[in-house]
Amino acid sequence: MPHNKIADRKGHQGWMKEQGPHFIFPGGGTMFPDGAAPYIEKLGQYIPLTGGTLRTALDMGCGVASFGGSLLSEGILALSFAPRDSHKAQIQFALERGIPAFVLMLGTRRLPFPAFAFDFIHCSRCLIPFTAYNATYFIEVDRLLRPGGYLVISGPPVQWPKQDKEWADLQAVARALCYELIAVDGNTVIWKKPDGDSCLPNQNEFGLESCDESNDPSNAWYFKLRRCVTSTSSVNGEYPVGIIPKWPDRLTRAPSRALVMKNGIDLFRADTRRWTRRVAYYKNTLNLKLGSPAVRNVMDMNAFFGGFAAALVSDPVWVMNVVPARKPLTLGVIYDRGLIGVYHDWCEPFSTYPRTYDFIHVAGIESLIKLPGSSKGR
């Protein structure tokens with residue numbers, strides 16, 4: 001590749017380096033210039049990264065997503081995001097490498113994920129001001145983190161020079177939400193979210209309160225950020241990390257969130273069987289290149305319960321499961337299965353660079369192009 005500006009600018013941090021006519025990705029980042037592997041090994045001293053306890057992860061401000069890429073060998077599926085900022089092409093590099101990533105930032109709206117989606121959330125020098133605006137951003141992270149899940153922040157303000165107040169505030173928010181401090185190792189802090197609501201909310205300087213029952217914590221498409229804390233009881237039957245089945249068993253278990261649909265458990269099982277048959281037909285009869293090295297980045301535009309992605313679990317692919325925003329909020333089921341995805345409305349462009357998916361799949365396209373409850377097209 002002839003354009004080496006990013007390699008020149010970021011090469012000293014190990015993100016990417018020029019080697020002859022190619023770019024290589026040593027697996028580094030601002031906080032782990034020696035590569036992601038020793039950094040992940042350090043985290044593994046405090047977090048159960050092996051054995052299937054953790055499966056879905058969110059990497060915020062991910063650079064070229066070397067952290068998420070390195071977790072794949074541990075059976076952890078990380079969805080990475082970063083804004084389109086001065087580094088510009090970092091997400092494009094991640095997708096070219098075949099690592100789940102898209103363009104996103106934490107601003108004024110909820111991130112497009114359901115409540116309690118991720119077993120593990122990571123931020124390495126992502127520079128998100130978690131305690132600003134009465135800790136609104138930390139509260140959003142709490143909405144996304146599964147009970148019993150782990151939050152890892154590396155870099156500022158964790159024990160960072162001239163950021164003593166910010167570091168003290170960050171710890172105060174975690175205490176107010178009853179997070180258990182697992183470790184502070186250099187500039188890395190690891191917390192564990194409580195399994196339940198036993199001490200939420202307690203008295204705190206940030207004025208944190210529980211959300212009322214009218215707030216659906218999984219409604220996250222053009223939904224403004226709230227300064228209230230999502231209670232674990234607000235999602236029916238949600239299981240914390242350590243109790244939810246381990247990966248890969250959770251892939252085929254019908255989670256209680258399937259009851260968002262009438263007869264949801266039966267629908268889940270039927271959907272799983274249907275897509276096992278259909279994907280076999282795609283491969284054997286239609287001769288599509290699924291399961292081959294030609295396909296890595298896959299999108300399912302109308303994912304429902306994620307049956308299509310589940311049928312591809314043994315293939316060398318990852319699937320971005322998209323649940324249209326006007327449809328029932330089934331994305332929580334997809335995350336309970338150990339898969340990843342986002343909400344989206346197909347009247348808008350998808351938040352990625354051009355030509356970043358190898359294979360795009362849609363079932364029920366009629367339901368995407370017709371207004372709900374109407375014969376009119378969109």
Side-chain angles (χ1 to χ4, degrees), residues 30-31 56-63 67 78-85 91 101-147 149-160 163-181 184 187-194 200-202 204-211 215-232 234 342-343 351:
T30 311
M31 296 307 300
T56 55
L58 181 67
D59 187 19
M60 305 186 291
C62 62
F67 180 77
L79 180 51
S80 302
F81 76 83
R84 186 182 180 278
D85 59 8
I91 297 303
F102 72 135
V103 181
L104 185 68
M105 67 176 293
L106 190 50
T108 60
R109 299 188 181 110
R110 285 178 173 173
L111 298 181
F113 311 114
F116 311 146
F118 298 98
D119 307 336
F120 170 32
I121 295 181
H122 175 257
C123 156
S124 174
R125 203 181 176 90
C126 62
L127 304 180
I128 294 172
F130 288 108
T131 61
Y133 314 109
N134 295 94
T136 298
Y137 296 145
F138 199 113
I139 291 170
E140 173 63 358
V141 169
D142 177 75
R143 181 184 73 87
L144 298 176
L145 186 59
R146 187 180 293 277
Y150 295 89
L151 171 63
V152 178
I153 299 176
S154 291
V158 182
Q159 300 200 123
W160 206 260
Q163 294 205 23
D164 293 345
K165 183 182 185 304
E166 292 86 348
W167 172 222
D169 287 348
L170 186 63
Q171 294 177 88
V173 175
R175 284 195 301 269
L177 292 173
C178 313
Y179 278 44
E180 177 189 355
L181 179 63
V184 181
N187 298 122
T188 298
V189 62
I190 302 170
W191 282 293
K192 188 174 189 286
K193 181 176 175 175
L200 180 66
N202 52 15
N204 60 84
E205 61 197 272
F206 298 94
L208 303 182
E209 297 179 351
S210 293
C211 297
N215 169 59
D216 182 350
S218 290
N219 185 359
W221 183 251
Y222 279 86
F223 196 98
K224 288 186 177 181
L225 288 174
R226 293 284 182 89
R227 292 181 183 174
C228 61
V229 180
T230 301
S231 65
T232 55
S234 63
V342 295
Y343 294 121
S351 190

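Every heavy atom of this structure was used, including side-chain atoms; hydrogens, water molecules and symmetry mates were not.
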Just to verify, what does Y179 make a ring-ring contact (aromatic ring centres under 6.0 Å, His included) with, not counting sequence neighbours?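 Y179: ring-ring contact (aromatic ring centres under 6.0 Å, His included) contacts with F138.
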
Find out whether L177 and W191 are in side-chain contact, i.e. whether some heavy atom of one side chain is under 4.5 Å from a heavy atom of the other. no

With sequence neighbours excluded, tell me which residues meet salt bridge (charged side-chain N to carboxylate O under 4.0 Å, His left out) with K165. D169

C62: partners by disulfide (SG to SG under 2.5 Å), with sequence neighbours left out: none

Sequence neighbours excluded, the answer for side-chain contact (heavy atoms from CB on, under 4.5 Å) partners of N187 is M31, Q159, W160

Does any pair with a residue in residues 101-117 pass salt bridge (Lys or Arg N to Asp or Glu O under 4.0 Å), and if so which ones, sequence neighbours excluded?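 Qualifying pairs, neighbours excluded: none.
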
Kindly list each side-chain donor-acceptor pair under 3.5 angstrom involving residues 149-157, sequence neighbours excluded, with atom names and distances?
unit_1, atom_1, unit_2, atom_2, d
S154, OG, Y39, OH, 2.6
S154, OG, T188, OG1, 2.8

Contacts of E140 that satisfy salt bridge (charged side-chain N to carboxylate O under 4.0 Å, His left out) - sequence neighbours left out: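 Only R143 meet the salt bridge (charged side-chain N to carboxylate O under 4.0 Å, His left out) criterion with E140.
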
A168: partners by side-chain contact (heavy atoms from CB on, under 4.5 Å), with sequence neighbours left out: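 For A168, no residue satisfies side-chain contact (heavy atoms from CB on, under 4.5 Å) once neighbours in sequence are set aside.
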
Among all residues two or more places apart in sequence or in another chain, which pass the side-chain contact (heavy atoms from CB on, under 4.5 Å) test with E180?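 Partners of E180 under the side-chain contact (heavy atoms from CB on, under 4.5 Å) test: I182, K192.
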
Residues two or more places apart in sequence or in another chain: which of them pass side-chain contact (heavy atoms from CB on, under 4.5 Å) with T136?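 side-chain contact (heavy atoms from CB on, under 4.5 Å) list for T136, sorted by chain: Y133, L225, R227.
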
Can you sort out the partners of Y343 under ring-ring contact (aromatic ring centres under 6.0 Å, His included), two or more places apart, ordered by chain and number?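 Testing Y343 for ring-ring contact (aromatic ring centres under 6.0 Å, His included), a comparison that skips the adjacent residues, returns none.
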
